[in-house]
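Sequence lines set the chain letters: A, B, ... in the order given, protein chains first and strands last, and positions in each chain run from 1.
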Amino acid sequence: MRTYFVEVLARERACLAGVTDGAMLAGWRRGVVEELMTPQSPYVLALRQTGDVRDRADFLDRWRELIAETVDRLLQSGARGDTHCSSARGPKADVDAQKTAVLILAALCGGSTLSQVARDPRPLNAALDLALMYFVGSRGQ
Amino acid sequence: MTTLDSRNGRRLTARGEKTRARIVAAAADLMNVQGVGATTLDDVLLASGVSKSQLYHHFAGKDALVRAVIDHVGGRVIERERDALGHVSTIPGLRRWRDALVQNNALRHGAYGCSLGSLASEVSDQDDAARRAVSQLFTEWQGLLAGVLRRLQDGGTLPPEASIDQLATGLMGALQGGYMLAQTARDVTPMATSIDMALAHIESLLLIEPTPDQATHGAVILARDSVRAHQSPSASGS
């Protein structure tokens, strides 16, 4: 596996393991956005659509699993906002951690592509705002 | 009949234009399948069947050809999306748009991704004019999505305080990321999941819940207060 895949996974494993509430999730998010807006960062290299597709698929699967574990932990602990509850369908007892993790990873991939092409972090932030909608303070400005 | 060549302002004969279009179409296909970086001018010569002098007559080099491919691919995507989204003003309409994109991508097991998105990831750190052209096309595409969300808002389905442009950009991020995940997994499922989740998040802001099959005028859910709670500044703290 490529060194940048290994490095990103090691850092994500460490960062995400410490996330137990919305504020910490916001901290994680700020760090990832910063990496993805830094040219030649291992995060940028890892999300490129080049190189061996199986390696990349394996990397993305593992990152998604780390995100899903975190989302699941936040849902279990009720860290998703009580003040939020914006759903027209009442409390989101039905939030699916696996599917939410797919959306968060997609937001990172697609949002960073849009942001890199626009040279502007706003698209990536908009994508993450939508993906992390159920977790209060995800933007944490 | 003659048209203007965008490169040098020369008039192109009908035959010249046909040759140019053949070169661009062949280059677009190659770049979509094997990537911009891996596509050489020799590949384009072979695939289009034109001579080297014909190619250089129309394009000064690879950068110029890549820009023509961006215009070609972008034009087709925007036309398709304008047809698909231009008159959509309901959530079921938005879901049909999603179904068509997922279905089309599934035909190829997601292998080639979004033709515009693939160009984006390859030109973002290369030619600046190409990067700006792609960025402009994405802005236009997001504008079409924002148009749908604005019609939902005007119809009272989305709350007035929802930030339309922000949601449209977020939805585009989910769509593009979905394409990328599907391309890597050679399976359309993550793309479908990503758009579905993004749409579900947008739908969670709705003032009126759509019924499963059609109607946006189903049961009225009094969610205004909870929506405001989300939109209020306090929601960004904690």
- Begin from the C-alpha positions of R186(B) and V53(A) and carry the test side chain to side chain contact (heavy atoms under 4.5 Å, CB included) through to its verdict. CA-CA 9 Å; R186(B) 294 287 189 267; V53(A) 75; 4.1 Å; yes
- Task: Please round to the nearest 0.5 Å and tell me the distance separating atom CG of L181(B) and atom CG of L105(A).
- Result: 5.0 Å
- Item | Over all atoms of both residues, closest heavy-atom pair of S204(B) and Y134(A) | CB-OH, 3.5 Å
- Any chance you could measure M172(B), atom CE, to T113(A), atom OG1, to the nearest 0.5 Å? 12.0 Å
- Of all heavy-atom pairs between S194(B) and L103(A), which one has the smallest distance, and what is that distance? O-CD1, 3.4 Å
- Item | Derivation of the side chain to side chain contact (heavy atoms under 4.5 Å, CB included) call for Q142(B) and L114(A) | CA-CA 11 Å; Q142(B) 278 159 224; L114(A) 295 176; 4.0 Å; yes
- Message: Taking side chain as everything from C-beta outward and backbone as N, CA, C, O, which of these in R48(A) sits under 4.5 Å from a heavy atom of chain B? Side chain, backbone, both or neither.
- Response: side chain
- Can you tell me if R119(A) uses its side chain to pair, donor with acceptor, with the backbone of S124(B) under 3.5 Å? yes
- Query: Tell me, side chain or backbone of A131(A) under 4.5 Å from chain B's heavy atoms, or both, or neither?
  - Reply: backbone
- In Å, rounded to the nearest 0.5 Å, how long is the span from OG1 of T169(B) to CG of N125(A)? 11.0 Å
- Apply side chain to side chain contact (heavy atoms under 4.5 Å, CB included) to M133(A) and L205(B), showing your working. CA-CA 10 Å; M133(A) 198 182 231; L205(B) 299 172; 3.6 Å; yes
- Note on the structure: If one checks every heavy atom of D128(B) against chain A at 4.5 Å, the contacting part turns out to be side chain
- Can you say whether L124(A) sits under 4.5 Å from chain B via the side chain, the backbone, both, or neither, judging by heavy atoms? neither
- Quick one: closest heavy-atom pair of H201(B) and L130(A), and the distance? ND1-O, 2.6 Å
- Query: Nearest 0.5 Å, what's the CG-OG1 distance between D96(A) and T193(B)?
  - Reply: 9.0 Å
- Answer yes or no: are there more than 12 heavy-atom neighbours, outside Q34(B) itself, under 6.0 Å from its atom CD? yes
- Using a 4.5 Å cut-off on heavy atoms from C-beta on, say whether the side chain of D129(A) contacts that of Q166(B). yes
- Item | Segment of S112(A) engaging chain B (4.5 angstrom heavy-atom cut-off) | neither
- Does a salt bridge link D165(B) with R122(A), judged by any charged N lying under 4.0 Å from a carboxylate O? no
- What do you reckon, is CZ of R64(A) surrounded by more than 12 foreign heavy atoms closer than 6.0 Å? yes
- Message: Which heavy atom of G177(B) sits nearest to which heavy atom of C109(A), and what is that distance?
- Response: CA-CB, 4.0 Å
- All heavy atoms of G178(B) vs all of A106(A), minimum pair found to be N-CB, 3.8 Å
- Does NZ in K99(A) sit with more than 12 non-hydrogen atoms of other residues, nucleotides or ligands closer than 6.0 Å? no
